[in-house]
Structures are given as structure tokens and as C-alpha cells.
Amino acid sequence: MRIDIISAVPALLDSPFNDSILKRAQNKGIVEVNIHNLRDYSSNNQKSIDDYAFGGGAGMVLSIEPIYKCITSLKEKNNYSEIIFMTPDGEKLSQKISNQLSLSSNLIVLCGHYKGIDERVREHLITKEISIGDYVLSGGELAAAVLCDSIIRLIPGVLNDETSALSDSFQDNLLAPPVYTRPAKYKDWEVPKILTSGNLKEIENWRHEKSIEKTKTLRPDLLK
Ligand code: ADE
């Protein structure tokens, strides 16, 4: 998969893609992440990418031209399954959306900034709008990193133990069961006996029960 992220502040995306699982996925050649600086597509000498809003009002608006130029130059070279705009008024990100997007060939992710972007970008260039939650971030970069992380880890071969993404919370509308590691007893706090019994069938049943119990208590809405 190839992911092209378009941003006015590309430095904000440096660290999420340069460590741990996301870095390894790129090193293994499973995913190629390209970050594009919107300023490189500005046609004026000041390299400006925003302007005042028509009709007045506070805040600058990202201009259509640099975004149009960047997206069209990418589309000339690659086919994209979706051109996604990160915005608080988009569809709320869920495991279901990440699962679907992990099957894409290539994706463009556009990060918003300042007071917004020229609406014509959304009308004519964007195919999907995603929010990571009902709160407003300073820009779409951190949201884009969250979206890409949730997608990339689902691509086969990215996680060492492929089953570990399948047993994530939300994958079957259940929260993941609790996990423990050595020592089996720390001060007075003991690990549930069943987990050290060696009985794999019983352990699997226990985990499933705990998942249901936890989901009923913490997220009953998931069971509806
Ligand atoms: N940009 C600013 N806030 C955002 C959010 N909550 N989700 C996605 N993109 C955003």
C-alpha cells in the first residue's frame, strides 16, 4: 500500500512514522508513506497556501490551488482507492472503517489546518471525510497519524504475530480481555490461577468470558 499525506506542517508527521511498528512496516516494504509539503505546490513567491475568507470572519482558509496541484500530480502517477480529508465534521473513525481502508491499494490523506479549507476541495476532490473524535485539534496531522496507524497495523505481515491484530479490542465488537505477565505473584497481587494452569481450552473460555464481562460493564453499547 502507498499512503500520500498532504500537510501544511509536515514536521508534525515526522516521529509517528519513524519508529516502532509504522517504521518497521515501511522497512519491510509493506507500506510506503510519502509526506508532501503543501508549500511546495504554492505558485507565489511567498509560498503562501492560505488566504482570507470571502465574506470576512476570523482565521485563514487553505487555498484550493496548492491542494489541487498536489492531488492531481499524485493522481497522474497512481490510482487511489480514497482521497481522505481529516476533519472534525467527518465520519467518526471506527475499527470497521480502518479494516475497510486496510484493504485499499493506495490512499491520499489531506490534513486540514487553520480555520478550514476552501469548500470546493471537499466538493470536487475529496472522496471520504474522517474525524477521530468529537474534539477539535489544531490541524489534521495528528488525526492523520492516528488513522494511518490504525490502518497500517492491520495489513498482513506488519505485526509479527498476525493474530494479535485479530484479538484487538473492537475487532469483534468486544473489548480485549485483561493480560498479565511474570511474576505470577507480585506482593499480594496474584495472576488469575486459570492463566497459569496450562489448560488452553479453559484459558480461551476464560478470556472470552472476561471480554464479554468487560464490554458489558464499560461499553454496553457495543453489544447492541
Ligand atoms: N482536525 C481537527 N480536529 C480533527 C478531528 N477531531 N478529527 C480529524 N481531523 C481533525
Side-chain angles (χ1 to χ4, degrees), residues 1-22 25 31 33-42 48-54 57-71 74-75 80-104 106-155 168-171 219 221-222:
M1 183 192 289
R2 175 188 167 112
I3 303 179
D4 290 280
I5 307 179
I6 305 171
S7 162
V9 199
L12 283 176
L13 290 159
D14 281 349
S15 78
F17 293 99
N18 275 306
D19 227 312
S20 188
I21 291 171
L22 301 194
V31 65
V33 179
N34 300 288
I35 295 167
H36 306 275
N37 187 345
L38 209 43
R39 277 182 211 283
D40 294 341
Y41 296 83
S42 168
S48 72
I49 48 171
D50 56 1
D51 212 331
Y52 295 101
F54 277 126
M60 303 294 274
V61 176
L62 282 182
S63 312
I64 190 165
E65 192 186 57
I67 298 173
Y68 178 87
K69 279 166 67 182
C70 185
I71 291 179
L74 288 170
K75 278 167 75 177
Y80 291 95
S81 311
E82 299 283 3
I83 302 176
I84 300 167
F85 176 49
M86 302 310 302
T87 171
D89 56 12
E91 184 181 357
K92 187 96 63 78
L93 182 62
S94 62
Q95 193 63 44
K96 187 166 166 228
I97 294 178
S98 298
N99 287 343
Q100 284 164 353
L101 291 173
S102 73
L103 304 172
S104 309
N106 303 314
L107 297 169
I108 291 177
V109 182
L110 172 64
C111 306
H113 221 63
Y114 309 117
K115 205 62 197 161
I117 61 170
D118 190 309
E119 189 68 14
R120 289 167 292 183
V121 171
R122 301 173 73 162
E123 287 167 357
H124 301 291
L125 300 172
I126 295 299
T127 63
K128 200 172 187 62
E129 302 188 328
I130 295 181
S131 162
I132 63 160
D134 288 343
Y135 41 82
V136 179
L137 303 166
S138 317
E141 284 75 12
L142 299 181
V146 168
L147 172 70
C148 292
D149 184 307
S150 75
I151 294 170
I152 293 170
R153 63 195 301 286
L154 295 171
I155 304 173
D168 282 347
S169 281
F170 303 111
Q171 207 49 275
R219 292 293 307 274
D221 55 300
L222 293 174

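Just so you know, ligand 1 is whichever comes first in the structure, and atom 1 is the first atom listed for that ligand.
- At a 4.0 Å heavy-atom cut-off, the residues surrounding ligand 1 are Met86, Thr87, Pro88, Ile130, Ser131, Ile132, Gly133, Tyr135, Val136, Leu137, Gly139, Gly140, Ala143, listed by chain and number.
- Applying the side chain to side chain donor-acceptor pair (under 3.5 Å) rule to Gln100 yields no partners; only residues at least two apart in sequence or on another chain are considered.
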Problem - Glu129 and Thr87: CA distance, side-chain angles, deciding distance, side-chain hydrogen bond (donor to acceptor under 3.5 Å, both in side chains) verdict - result: CA-CA 7 Å; Glu129 302 188 328; Thr87 171; 5.9 Å; no
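- Looking at Ser102, its side chain does come within 3.5 Å of a backbone N or O of Asn99 through a donor-acceptor pair.
- For Ser131 (side chain) and Gly133 (main-chain N/O), a donor-acceptor pair under 3.5 Å exists by modelled atom type.
- More than 12 heavy atoms of other residues, nucleotides or ligands sit less than 6.0 Å from atom OH of Tyr80.
- Under the side-chain contact (heavy atoms from CB on, under 4.5 Å) test applied with Cys148, the options Val146, Ile152, Ile151 reduce to a single match, Ile152.
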